[in-house]
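Worksheet: the structure to be examined is printed underneath.
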Number of protein chains: 2
Amino acid sequence: MSAKLKALDQNQAIEMGKSCVCFITRRAARCITQFYDEMLRPVDLRSTQLILLNSIRILGSVSIKRLAKAVVMDRSALARNLKPLDKQGLIRIERGEDLRERVVTLTKLGLEKATEAFPLWEKAQAEVQNKLGREGLDTLFASLSGVVLLTRKK
Amino acid sequence: MSAKLKALDQNQAIEMGKSCVCFITRRAARCITQFYDEMLRPVDLRSTQLILLNSIRILGSVSIKRLAKAVVMDRSALARNLKPLDKQGLIRIERGEDLRERVVTLTKLGLEKATEAFPLWEKAQAEVQNKLGREGLDTLFASLSGVVLLTRKK
DNA sequence: TAAGATTAGGGGTATATGCCCCTATATGTC
DNA sequence: GACATATAGGGGCATATACCCCTAATCTTA
């Protein structure tokens, strides 16, 4: 801080509060996460966890690195998020052929869990879709996907 | 789990992976947060922290409860998020007239910090806006605001 | 093939976030 | 004014998330 700046005024503050993409996106993520979490409570899974189980279901046996890339998440954060799933026996984590790698696999129990969760997810999804309308949902997706692609490194 | 369900198949899994509003929103929030965080690094503030400082700047002295409502966040989560700001002397937390309340106020240092951060925020914001286009940004806002309003309790 | 470069993960540290339950304080009612 | 109720926060617990740095394993190249 070299030159003395004119202090942030109320108008600037309001502009930031109203238009900040980071704020609005995080806020929405909080709300939506709570909503899905609530819907998933009967099967004792958080939405974040279902997302991971489902991603593993899609990818099959997959390294941490590749899974992290698929869900666009920091590797070490992902590794930590996998721990509760491992502890509950929903996934298995083993050394890969390449000994540097850890390979993550869905267990039988994990597949069952995802299977139970699916209809609940569908219901949550349907409600949100209902509220936003088909069109609203499409534009939301387009915007958010755009954001991911454009701010993502590498 | 009473009746035996048919196991989640690949198509269902892919549908969930592609269309889950929770997933896509969280993913976008992660990316955008990283982007803003990086831009704000020179002033040693995280985007979440700037959002809070700015909200306090707008509201003036404000109780935890009211601030939480303003940013649509869990009270206790918010209280915790305020701690690092308090520790750095950017805000002050005092008992209110109503002794149940804690009143949060921006300090001189906090205002300075927000002031320094503002141009960096503007730059980040401009870049995102640039990428999405004015229109894209507007629809994004409309959708995400809609989501917040509709999933919010009370 | 041995030395250097690259890659995959893990651990440390810090923050962000929510739920539940407990305590302190107010408020409202008889 | 005493008691029931409602409200504001705090603490415990668990998870989510990122960055940095370290180690182990693999790959590249002289």
Side-chain angles (χ1 to χ4, degrees), chain A residues 22-23 25-38 40-41 44-52 62-69 71-88 90 93-104 151-154, chain B residues 22-23 25-38 40-41 44-52 62-69 71-88 90 93-104 151-154:
Chain A
C22 184
F23 174 40
T25 309
R26 288 186 71 86
R27 190 182 57 187
R30 284 196 297 268
C31 292
I32 293 189
T33 302
Q34 273 179 78
F35 179 66
Y36 279 74
D37 277 358
E38 198 179 311
L40 291 175
R41 197 161 309 171
D44 193 33
L45 262 190
R46 303 200 177 185
S47 43
T48 42
Q49 299 177 331
L50 177 57
I51 288 165
L52 290 183
V62 60
S63 72
I64 304 265
K65 169 75 182 268
R66 202 153 78 80
L67 183 54
K69 195 157 202 165
V71 295
V72 190
M73 178 181 291
D74 178 77
R75 276 188 344 242
S76 84
L78 170 62
R80 280 173 230 264
N81 291 356
L82 291 176
K83 282 195 179 143
L85 299 176
D86 189 22
K87 213 184 308 175
Q88 293 178 244
L90 305 177
I93 304 179
E94 301 156 311
R95 303 206 111 188
E97 274 186 50
D98 181 333
L99 292 178
R100 291 171 304 182
E101 293 185 344
R102 294 294 179 278
V103 175
V104 185
T151 63
R152 168 143 69 146
K153 340 191 162 171
K154 284 175 210 166
Chain B
C22 184
F23 174 39
T25 308
R26 288 186 71 84
R27 191 182 57 187
R30 285 195 297 268
C31 292
I32 293 189
T33 302
Q34 274 179 72
F35 180 66
Y36 279 75
D37 277 357
E38 197 179 312
L40 291 175
R41 195 159 312 170
D44 194 33
L45 263 190
R46 301 201 180 186
S47 43
T48 41
Q49 300 177 330
L50 176 57
I51 289 165
L52 291 183
V62 61
S63 73
I64 303 266
K65 169 77 182 267
R66 203 154 76 80
L67 183 54
K69 195 156 201 164
V71 296
V72 190
M73 180 180 290
D74 179 77
R75 277 190 339 247
S76 83
L78 170 62
R80 281 173 231 265
N81 292 354
L82 291 177
K83 281 192 180 148
L85 299 176
D86 190 22
K87 211 183 312 174
Q88 294 178 62
L90 304 178
I93 305 179
E94 300 156 311
R95 303 206 112 188
E97 273 185 51
D98 182 333
L99 292 177
R100 291 171 303 181
E101 292 186 345
R102 294 295 179 279
V103 175
V104 185
T151 62
R152 171 144 67 146
K153 337 189 165 173
K154 282 177 213 161

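All chains are named by letter (A, B, ...) in the order of the sequence lines, taking the proteins before the strands, and each is independently numbered beginning at 1.
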(message) So if I take every side-chain heavy atom of R30(A) and compare against dA18(D), dA8(D), dG18(C), which nucleotide ends up nearest?
(response) dG18(C)
(message) Can you tell me how far apart NZ (K87(A)) and CG (L90(A)) are? Round to the nearest 0.5 Å.
(response) 12.0 Å
(request) Starting at CG of L78(A), measure out to NZ of K69(A) and round the result to the nearest 0.5 Å. (result) 14.0 Å
(message) On DNA chain D, compare the nucleotides closest to D74(A) and K65(B); which residue's is nearer the 5' end?
(response) K65(B)
(message) Could you measure the distance from the CG atom of D74(A) to the CZ atom of R80(A)? Nearest 0.5 Å is fine.
(response) 8.5 Å
(request) Would you kindly give the CD-to-P distance between E38(A) and dC20(C), to the nearest whole Å? (result) 10 Å
(request) Find the distance between CG (D37(A)) and SG (C22(B)) and round it off to the nearest 0.5 Å. (result) 6.5 Å
(message) At 10 degrees resolution, what angle do the end axes of the helix from dT1(C)-dA30(D) to dC30(C)-dG1(D) form when each is taken over five base pairs?
(response) 10°
(request) Taking only the side-chain heavy atoms of Q49(B) (C-beta and beyond), determine which of dG9(D), dT15(C), dG9(C) contains the nearest atom. (result) dT15(C)
(request) Measure the CD1-CE distance between I64(B) and M73(B) for me, rounded to the nearest 0.5 Å. (result) 11.5 Å
(message) I need the residues from residues 75-83 of chain A with at least one non-hydrogen atom less than 4.0 Å from DNA chain D; give them sorted by number, or say none.
(response) S76(A), A77(A), R80(A), N81(A)
Could you go over nucleotides 23-28 of chain D and give all protein N or O partners under 3.5 Å, atom names and distances?
residue : atom : partner : partner atom : Å
dT26(D) : OP1  : L99(A)  : N            : 3.2

(message) For V72(A), is there any backbone N or O sitting under 3.5 Å from a side-chain donor or acceptor partner on R27(B)?
(response) no
(request) Check the distance between dG18(C)'s P and I64(B)'s CD1 and give it to me in whole angstrom. (result) 14 Å
(request) Using atom CZ of R26(A) as one end and atom P of dT15(C) as the other, report the distance to the nearest whole Å. (result) 14 Å
(message) Quick check: closest heavy atoms across L99(B) and R102(B), and the distance to 0.1 Å?
(response) O-NH1, 3.6 Å
(message) On a heavy-atom basis, which atom in T33(A) and which in S47(A) lie closest, and how many Å separate them?
(response) CG2-OG, 3.5 Å
(request) On DNA chain C, check which nucleotide each of S63(A) and R41(A) is closest to and give me the residue with the more 5' one. (result) S63(A)
(message) Given R26(A), which partner from the list T48(B), V71(B), T25(B) fulfils the side chain to side chain contact (heavy atoms under 4.5 Å, CB included) test?
(response) T48(B)
(request) Please state how far atom CD1 in I93(B) lies from atom C1' in dA8(D), giving the value in whole angstrom units. (result) 14 Å
(message) Rounded to the nearest 0.5 Å, what separates atom CG in L67(A) from atom NZ in K65(A)?
(response) 12.5 Å
(request) Identify, between R66(A) and D37(A), the residue whose nearest nucleotide on DNA chain C lies closer to the 5' end. (result) R66(A)
(request) Would you mind reading off the distance between Q34(B) atom CD and dA14(C) atom C1', rounded to a whole angstrom? (result) 15 Å
(message) If I take atom CG in residue L67(B) and atom C1' in nucleotide dT7(D), what distance separates them, rounded to the nearest angstrom?
(response) 17 Å
(request) Send over the distance from L52(A) CG to dT15(D) C1', rounded to a whole Å. (result) 11 Å
(message) Which heavy atom of V103(A) sits nearest to which heavy atom of G96(A), and what is that distance?
(response) CG2-CA, 3.6 Å
(message) Nearest whole Å is fine: how far is dG10(C) C1' from D86(A) CG?
(response) 14 Å
